[in-house]
Structure formats: C-alpha cells, structure tokens
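Data first, discussion second: the structure below is written as structure tokens.
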Amino acid sequence: AFLALIGSFVLASKLGTEFMPNQDQGKFILTVKAASGTSLQKTISLTDSVLAQLKKYPEIVNTFTTIGNQNQPVNVASILVLMSPKQERKLGVQDFMNKLRNEIRSISGIALWYGAPSSVGPPQKQMQISITGRDLDVSKQLADQVYKIFQNGPGLVDLESSLEESKPEIQIKLKRD
C-alpha cells in the first residue's frame with residue numbers, strides 16, 4: 001500500500017496542471033474587429049484581406065466566415081479556420097495561432113483575436129477581468145489602467161477591452177408647431 005501511495009505521487013507530478021488543457025481540435029476561431037461604426041461592406045473588404053493571408057498556409061483546408069450575426073455588430077467578423085489532420089501538419093493549433101499572430105499584422109484598421117471554438121457562444125479567453133460600476137467614465141479609466149498593466153505582460157496575447165465606445169448616431173429633433 002505504501003508503494004502504491006508513493007507511486008501515485010510520482011505519477012501525479014507528471015500530470016498537467018490545467019483544469020481544462022488546450023486540445024488540438026484542428027480548428028480555431030479568428031475574430032476580426034474593425035472600428036465601431038464601420039460599414040458592412042468595409043468589414044467584408046477587411047475580412048477578405050485576412051482570408052487572402054490565410055490562403056497562404058497549406059495547413060488551412062477551409063474557412064467559414066460570419067459577419068454581424070445576432071450577437072455581434074457588422075464591424076466584427078468571426079472566421080472558423082479548419083486545419084488539416086494533426087498528423088499532416090508540423091505545428092499544433094496553439095503554435096500555429098502564435099505563428100499567425102506574428103505574421104498577420106500588416107492589415108491596418110483591424111484588431112485580431114484567436115481562440116478555440118466554444119460549444120456555447122463565442123470563443124472565451126483563458127483569463128477575463130470584469131470591471132463594473134455605476135459611473136461609466138470611472139469604469140473606463142480603471143479598465144484602461146488594468147489594460148496598461150497587462151499590455152506588456154510576458155505570455156499575454158490578444159488583449160482587448162469589451163467596453164465599446166458610443167456608436168455613431170444621428171439625433172433628429174422635430175420642431176413641433
């Protein structure tokens with residue numbers, strides 16, 4: 001029994017420490033975000049530029065793009081990227097996403113985020129911080145401070161703030177007689 005206990009400690013030290021480790025499913029989501037208020041046509045054009053870059057990689061066998069679905073505005077596109085089977089490529093999905101982060105930066109006017117597809121809703125980040133409050137200006141200042149702290153953190157990628165600036169709008173006031 002004592003040897004079994006010692007053996008279990010040795011085996012436990014070899015196990016990973018993540019609750020839900022990253023798995024190579026052969027696919028990932030690439031989110032393309034243009035500035036708030038960008039038209040659908042402009043978002044399509046910017047997304048086409050990203051898709052043209054993706055076509056350079058033989059590891060990518062197919063893509064599926066949605067723009068402005070029920071959960072996102074027309075300035076946000078989600079690209080589901082399907083890769084060749086694991087045995088046929090040199091890099092795993094995580095390493096491939098890191099490679100793309102470094103190589104696809106030349107398209108101005110957009111921000112890119114990479115993530116694993118989720119069975120419920122959009123891809124989730126591995127770490128999220130929520131800042132809430134009654135005063136939007138104070139919340140924005142705090143969010144900006146937190147963003148600056150993490151911006152240059154080692155190993156941190158795809159940082160974003162979900163706080164949206166106000167969308168362009170037109171206010172019409174009727175002069176009633």
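Side chains included, hydrogens not; waters and symmetry mates left out as well; all remaining heavy atoms used.
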**Request:** Specify the closest pair of heavy atoms between T31 and S78, including all atoms of both residues, with the distance to one decimal.
**Result:** OG1-OG, 4.4 Å
**Complete:** By side-chain contact (heavy atoms from CB on, under 4.5 Å), P85 pairs with (sequence neighbours left out) Q87, E88
**Fill in**
Value for CD1 (I29) from CE (M97), rounded to nearest 0.5 Å, stands at 10.5 Å
**Request:** Hey, could you give me the CZ/CZ distance between F96 and R89, rounded to the nearest 0.5 Å?
**Result:** 8.5 Å
**Asked** Can you check whether R101 reaches N98 side chain to side chain, under 4.5 Å on heavy atoms?
**Response** yes
**Message:** Could you report the tightest heavy-atom contact between A77 and I67, atom names first, then the distance?
**Reply:** CB-CG1, 3.6 Å
**Prompt:** What is the minimum heavy-atom distance between F28 and L100, and which atoms define it?
**Reply:** CZ-CD1, 3.6 Å
**Prompt:** Which value, rounded to the nearest 0.5 Å, describes the distance between L51 atom CG and I44 atom CD1?
**Reply:** 11.0 Å
**Prompt:** When you measure from the side chain of N75 to the backbone N and O of A34, does any donor-acceptor pair fall under 3.5 Å?
**Reply:** yes
**Message:** Using a 3.5 Å distance criterion without hydrogens, assess whether the side chain of T43 forms a donor-acceptor pair with backbone atoms of V74.
**Reply:** yes
**Close side-chain approach of M83 to K27, heavy-atom, < 4.5 Å** = no
**Prompt:** For L142, what residues pass the side-chain contact (heavy atoms from CB on, under 4.5 Å) criterion, not counting sequence neighbours?
**Reply:** I131, V138, Q145
**Complete:** Between the CH2 atom in W113 and the CG atom in L30, the distance rounded to the nearest 0.5 Å is 10.5 Å
**Ion pair D144/K140, N-O distance below 4.0 Å** = yes
**Message:** Would the distance check show the side chain of S45 and the main-chain N or O of Q41 forming a donor-acceptor pair, the cut-off being under 3.5 Å?
**Reply:** no
**Prompt:** Could you give all pairs that pass the side-chain hydrogen bond (donor to acceptor under 3.5 Å, both in side chains) test and reach residues 55-65, with sequence neighbours left out?
**Reply:** Y57-E103
**Request:** Nearest 0.5 Å please: distance from the CG atom of L46 over to the CD1 atom of I110.
**Result:** 6.0 Å
**Prompt:** So, for V76 and K33, which heavy atoms are closest and what is the spacing to 0.1 Å?
**Reply:** CG2-CG, 3.9 Å
**Fill in**
Between F64 and the options V81, L80, L82, I79, the side chain to side chain contact (heavy atoms under 4.5 Å, CB included) test singles out L80
